[in-house]
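Along the sequence shown, residues are numbered consecutively beginning with 1. In this text the structure is predicted, and so the values were computed from the model without any measurement.
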Amino acid sequence: MPTKKWHLKETPEADSVRYLANALNISETIAQILIQRNIHDAVQAKLFLTPNINNLLPPGLIPGISAAHKRIEQALLNNERILIYGDYDVDGITSVALMKRFFRLLGREVDFYIPHRLIEGYGLSKEAIDEIAQRGINLIITVDCGISNTAEIAYAKKLGMDVIVTDHHEIPSELPQCIIVNPKLNKETNDSYFLSGVGVAFKVCWSLMDTFSQAKKNNSVFHDFLMDSIALVTMGTIADVAPMTGENRILCSYGLDALPHTKISGLNALIKQTGLSDAPIKARDIGFRLGPRLNAAGRLGDSYGSIKLLISDDPSEIEKLVAQLEQNNKERQKIEGKILQEASKIVREDYDLDKNYCIVLASDKWHSGVLGIVASKLADEFYRPTILISTENGIGKGSARSIPSFHLYNALCDCRELLLSVGGHEYAAGLQITHRHIPQLQAKLNEYARNHLKPEAFTPSIDIDMTLDFRQITKKMLSEIKMLSPFGEGNEEPVFCSHNVQVAGVPKLIGNNLKHLTFFVKQNGKTYRVIAYNKSPYISLLDKAENKPLSLAYTLKLNAWGGEENIEMEFVDLKVE
């Protein structure tokens, strides 16, 4: 349990808080949170609190989308063979499914290709392009990948194929010579800048819809299709941990409401399988339940089962695919748990974290498909940028995850001469490297971190929105907090703290393997239940605290059970006063 710094956000001026509260008829608590998130005026706050689909920017504002529109329209008119080339994660899977379903709406069946995670790795490859050329493809449209595949795209063009790259990843120093659709080509950020891969694919389809819906004189069919596709956009956006701001906030707000009623048969079956049919679906349900199941097939091999699930309308096939994904996910959890145990032990026993600012571990026994999940958990546990590498025949495939204040992609680009390939963004990246260069990568990353970070950057911190007295907590307050959702990167769920809190009763460990903790706390005559997920070690701290007062950091939840709604606290951290 690493010691965490608590950072209480600055309290805004009282007059500003009262103005916003009165203008929007909201509590001063919510007004304060909005101002702390740099939302100061009433118009800006109203747009944030009431996301409106009509406020999405026109697709033509994304660089490259007009050229892509023209080339795809030409391909359709000339009956050219089109292939969608995607990535094997949820963002890539939903991107391919959305595009496939859109072309099907136009009366065209297009091909698709997802690289095998273990054999081919991320992005385009010469071998894949050879296979695609043999299929007689004229136009490749990439989704959620391609921006770094300069050589591979040049090779595809040499074989007579055109390529359109639609991507959202960071812009490399050298761009492919083809049509590129990527919001990050904009020099200035706008509400589309942080779209996920499926968000960019959605904008491409929207642009095409404007032409083909007029041609077919059937606007309602295309409109209904796009609205239903927002469920796919939401899945990919949240699973990819894209910032929950700008257009992502609008799309996911609508998409979370749309998911329980989706007309996409396979997605509907997956929702039923995970027990989410009878309750509102939240962002965390995608992150921890729906997303991992869609991801599971690709993590263990190929993602074709997940794609088929999202494009099939055959009930029998869908039932088999959902069952297979469930089995894949269970297998993935076992593999992941074993690697996490091994890697965590290596760090604890063999790593000097005072000297190593970055964790770089490699093994020829690790399954590369789950390394990203394990790297993320290690980064959280040890609060160091973490790279895990699976090696085979002298080549390593790695997944990297970072911490705030360390731009992972920039750091890896600084080590580019050691890498065979690299792609990603600030917090996550993938790479390939020869085995002999791994120690040099460790050394150079440590040097980069020492030059760019201060030692205090390696102490985790918690941003706390405000201090609350238990008597301030009401159901009305929770209903207003819900207006700030969906929560995610860039729009985190509000964290509160309370001081002079007493534990009431005996803390208990619950759940599978007793890894969760629950206990009751009281202050000023009010008592609330606390649920602490994956925080079982804290029970020893509570036991040692005995009757001493605590400071508790938490988020607030409304738990509906047995026909009653009760306010609960979800544990973030605690300190013994």
Side-chain angles (χ1 to χ4, degrees), residues 86-94 96-97 114-122 235-236 238-241 266-267 269-276 284-312 316-346 361-381 386-392 396-401 428 430 511-516 533-534:
D87 185 21
Y88 36 64
D89 66 2
V90 177
D91 194 16
I93 290 164
T94 51
V96 172
I114 302 279
H116 192 289
R117 182 191 289 261
L118 307 183
I119 299 171
E120 299 171 87
Y122 173 78
M235 290 283 293
I238 292 174
D240 216 50
V241 200
L267 189 51
L270 188 65
I271 290 168
K272 289 180 180 177
Q273 171 70 30
T274 50
L276 294 171
R284 66 186 302 161
D285 293 322
I286 293 175
F288 292 101
R289 297 171 77 175
L290 295 171
R293 284 167 171 80
L294 272 184
N295 245 338
R299 290 196 178 280
L300 300 182
D302 70 64
S303 301
Y304 278 71
S306 298
I307 296 286
K308 288 176 183 176
L309 179 69
L310 296 180
I311 62 176
S312 177
S316 177
E317 181 182 36
I318 286 171
E319 183 181 358
K320 292 176 183 176
L321 290 168
V322 167
Q324 184 59 55
L325 289 181
E326 186 68 23
Q327 182 59 39
N328 288 343
N329 193 48
K330 290 177 181 177
E331 186 180 349
R332 185 270 305 171
Q333 289 172 326
K334 290 180 183 177
I335 295 169
E336 173 195 323
K338 183 179 180 182
I339 296 174
L340 178 61
Q341 189 176 27
E342 290 176 6
S344 183
K345 183 179 179 183
I346 293 170
L361 302 176
S363 172
D364 60 2
K365 296 180 175 63
W366 289 346
H367 194 298
S368 63
V370 302
L371 292 186
I373 308 173
V374 180
S376 180
K377 291 183 176 182
L378 289 175
D380 288 342
E381 181 180 357
T386 301
I387 302 176
L388 297 185
I389 302 169
S390 173
T391 60
E392 185 177 3
K397 295 178 182 178
S399 289
R401 298 294 183 267
N512 293 333
N513 302 318
L514 300 178
K515 60 184 179 181
H516 309 312
Y533 294 108
N534 298 305

Spacing of Leu300 atom CG and Gln327 atom CD [to the nearest 0.5 Å]: 10.0 Å
Are the side chains of Leu309 and Ile318 in contact, using a 4.5 Å heavy-atom criterion? yes
CD1 (Ile286) and CG (Asp240) are apart, to the nearest 0.5 Å, by 12.0 Å
Hey, is CD on Gln333 packed in by over 12 heavy atoms from elsewhere, all under 6.0 Å? yes
Verify, without hydrogens or angle tests, whether Thr386 (side chain) and Arg401 (backbone) share a donor-acceptor contact under 3.5 angstrom. no
Measuring from Lys397:NZ to Thr391:OG1, what's the distance to the nearest 0.5 Å? 11.5 Å
Report the residues that fulfil side-chain hydrogen bond (donor to acceptor under 3.5 Å, both in side chains) with Asp91, sequence neighbours left out, ordered by chain and then residue number. His168
Compare every heavy atom of Tyr122 with every heavy atom of Asp87, then report the nearest pair and how far apart it is. OD1-CD1, 3.3 Å
At what distance, to the nearest 0.5 angstrom, does CD1 of Ile307 lie from OG1 of Thr94? 8.0 Å
One should read off an interatomic distance between Lys515 NZ and Asn512 CG, to the nearest 0.5 angstrom, of 6.5 Å
With sequence neighbours left out, write down each residue that passes side-chain contact (heavy atoms from CB on, under 4.5 Å) with Glu317, or none if nothing qualifies. Lys308, Ser312, Asp314, Leu321
Exercise: identify the closest heavy-atom pair between Leu388 and Leu371: O-CD1, 3.5 Å
Can you name the closest pair of heavy atoms from Gly86 and Val96 and give their distance? CA-CG2, 3.7 Å
Report yes if some heavy atom in the side chain of Trp366 is under 4.5 Å from a heavy atom in the side chain of Val374; otherwise report no. no
Could you verify whether a donor N or O on one side chain and an acceptor N or O on the other, from Glu381 and Ser344, lie under 3.5 Å apart? yes
According to side-chain hydrogen bond (donor to acceptor under 3.5 Å, both in side chains), who are the partners of Ser376, at least two apart in sequence or on a separate chain? none
Quick one: which residue pairs count as a salt bridge (charged side-chain N to carboxylate O under 4.0 Å, His left out) with a foot in residues 320-332, not counting sequence neighbours? Arg293-Glu326, Arg332-Glu336
Residues forming a ring pair (Phe, Tyr, Trp, His ring centres under 6.0 Å) with Tyr533, sequence neighbours excluded: His516
Gly298 and Ser303: which non-hydrogen atoms are nearest, and at how many Å? CA-OG, 3.2 Å
For Leu325 and Ala297, which heavy atoms make the closest approach, and how far apart are they? CD2-CB, 3.7 Å
Please give me the minimum heavy-atom distance between Ala97 and Leu310, naming the atom from each residue. CB-CB, 3.6 Å
How long is the straight-line distance from OG of Ser399 back to CD1 of Ile373, given to the nearest 0.5 Å? 9.5 Å
Listed by chain and number, what are the side-chain contact (heavy atoms from CB on, under 4.5 Å) partners of Leu514, not counting sequence neighbours? Leu509
Answer yes or no: is there a side-chain heavy-atom contact under 4.5 Å between Leu267 and Met235? yes
Could you tell me if the side chain of Ile238 sits less than 4.5 Å from the side chain of Leu290, heavy atoms only? no
